[in-house]
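Right, one structure below, let's go through it.
Basis for what follows: all heavy atoms, side chains included, without hydrogens, waters or symmetry-related copies. We number each residue from 1, following the sequence as shown.
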Amino acid sequence: VLGELRITPGRVGTSTDASATMSVAQVQALLNTAGFITYRHAGDNPDTRTRRFEIELVEAFSTRSISLDEWTSVTIVPVNDAPVIVLSSSTLSYTEKRPAALIDAELTVTDADGDIASATVTIVTYVASTDMFDVSVLGSAEITLSAVAGSPGTLRRFGVGSPASYQASLRAVQFKNDGKHNPVLSRNITFTVTDVGGLTATATR
């Protein structure tokens, strides 16, 4: 007859007790019950070190402290979460040949478990020779800027950086139009960010 069943996460140092007098068969049935012993990590960026769990069985009605300790472990396998980019609800109104204007000074870039590796800003409805980006005010010194060869109207930023640094950098991108004639009166501009794991997020305004 066994008296105490204790489930102890060894690293954390806390325990869950199932204190009752049970037969060996009852304990075995309890341990084999689906969902009786479970482990769940609620975070998005877990410590990947192996967790060790101790199961201790203590004999009941004994004048001696007789126990049986068994250990099991759980290996944590991290899963890359995609970045998220959210544009503000405001609309940019721009008059041709005026000074450059910020495209979206309130957009947000987040990633629950890692850094950003690159980003692009593309004028989908690009008008050649008149539309251009102005990035004279960069939001982050750790991120470099380059044009995309053969893809006019596209701006690309490289360099591993935090979501916050990319957010600041993308907020600094400005739009300018120097043309006298604009056959397309509206522009669709797409922001894309890619994290270090290769997952992307896209938003268009």
Side-chain angles (χ1 to χ4, degrees), residues 40-49 76-205:
R40 178 176 179 268
H41 183 88
D44 290 310
N45 191 21
D47 182 336
T48 58
R49 288 176 294 181
I76 307 300
V77 180
V79 176
N80 185 28
D81 293 295
V84 177
I85 182 168
V86 179
L87 305 183
S88 67
S89 59
S90 61
T91 300
L92 172 63
S93 178
Y94 179 80
T95 301
E96 64 181 15
K97 304 187 75 173
R98 300 294 294 172
L102 293 172
I103 298 172
D104 194 333
E106 298 178 355
L107 67 80
T108 60
V109 177
T110 57
D111 194 307
D113 58 1
D115 289 331
I116 305 299
S118 66
T120 59
V121 186
T122 303
I123 304 174
V124 180
T125 48
Y126 174 74
V127 177
S129 302
T130 64
D131 291 344
M132 63 189 70
F133 290 116
D134 189 326
V135 289
S136 57
V137 182
L138 292 180
S140 175
E142 69 189 72
I143 300 172
T144 58
L145 166 67
S146 64
V148 180
S151 299
T154 298
L155 180 73
R156 179 172 294 164
R157 298 190 176 192
F158 294 100
V160 175
S162 68
S165 68
Y166 261 88
Q167 173 180 285
S169 190
L170 292 179
R171 284 181 175 183
V173 177
Q174 301 178 76
F175 172 81
K176 187 176 182 180
N177 179 281
D178 282 341
K180 295 181 179 180
H181 175 65
N182 283 281
V184 180
L185 295 181
S186 64
R187 304 290 191 272
N188 293 324
I189 299 178
T190 296
F191 293 82
T192 301
V193 293
T194 302
D195 69 13
V196 292
L199 296 182
T200 65
T202 300
T204 302
R205 65 173 306 171

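Between Leu170 and Ile85, the closest side-chain pair of non-hydrogen atoms falls below 4.5 Å. With a 4.5 Å cut-off on side-chain heavy atoms, Leu92 and Asp104 do not count as touching. Between Pro78 and Asp113, the closest side-chain pair of non-hydrogen atoms is not below 4.5 Å. Within the 4.5 Å cutoff, the side chain of Asp115 has heavy atoms near those of the Pro163 side chain.
Side chain to side chain, Thr192 and Thr202 meet the donor-acceptor criterion of an N or O pair below 3.5 Å.
A distance of 15.0 Å separates OG1 in Thr110 from OH in Tyr166, rounded to the nearest 0.5 Å. To the nearest 0.5 Å, atoms NZ (Lys176) and NZ (Lys97) are separated by 10.5 Å. Going from atom CD1 of Ile103 over to atom CD1 of Ile123 covers 6.5 Å, rounded to the nearest 0.5 Å. A distance of 8.5 Å separates CG in Asp81 from CG in Leu199, rounded to the nearest 0.5 Å.
Here the shortest heavy-atom pairing between Asp178 and Met132 reads OD2-CE, 3.5 Å. Nearest heavy-atom pair, Phe158 versus Ser118, reported as atom, atom and distance to 0.1 Å: CD2-CB, 4.4 Å. Listed here is the closest heavy atom pair of Tyr94 and Asn177: OH-N, 3.2 Å. The two residues Ser186 and Thr125 have their closest heavy-atom pair at O-OG1, 3.4 Å. The two residues Ile189 and Phe175 come nearest to each other via the heavy atoms CD1-CD1, 4.4 Å. The minimum heavy-atom distance linking Asp111 with Ala82 is given by the pair OD2-C, 4.1 Å.
For Arg187, the salt bridge (Lys or Arg N to Asp or Glu O under 4.0 Å) criterion is met by Asp131, not counting sequence neighbours.
Arg205 places no side-chain N or O within 3.5 Å of a backbone atom of Ser88 that could act as its donor or acceptor partner.
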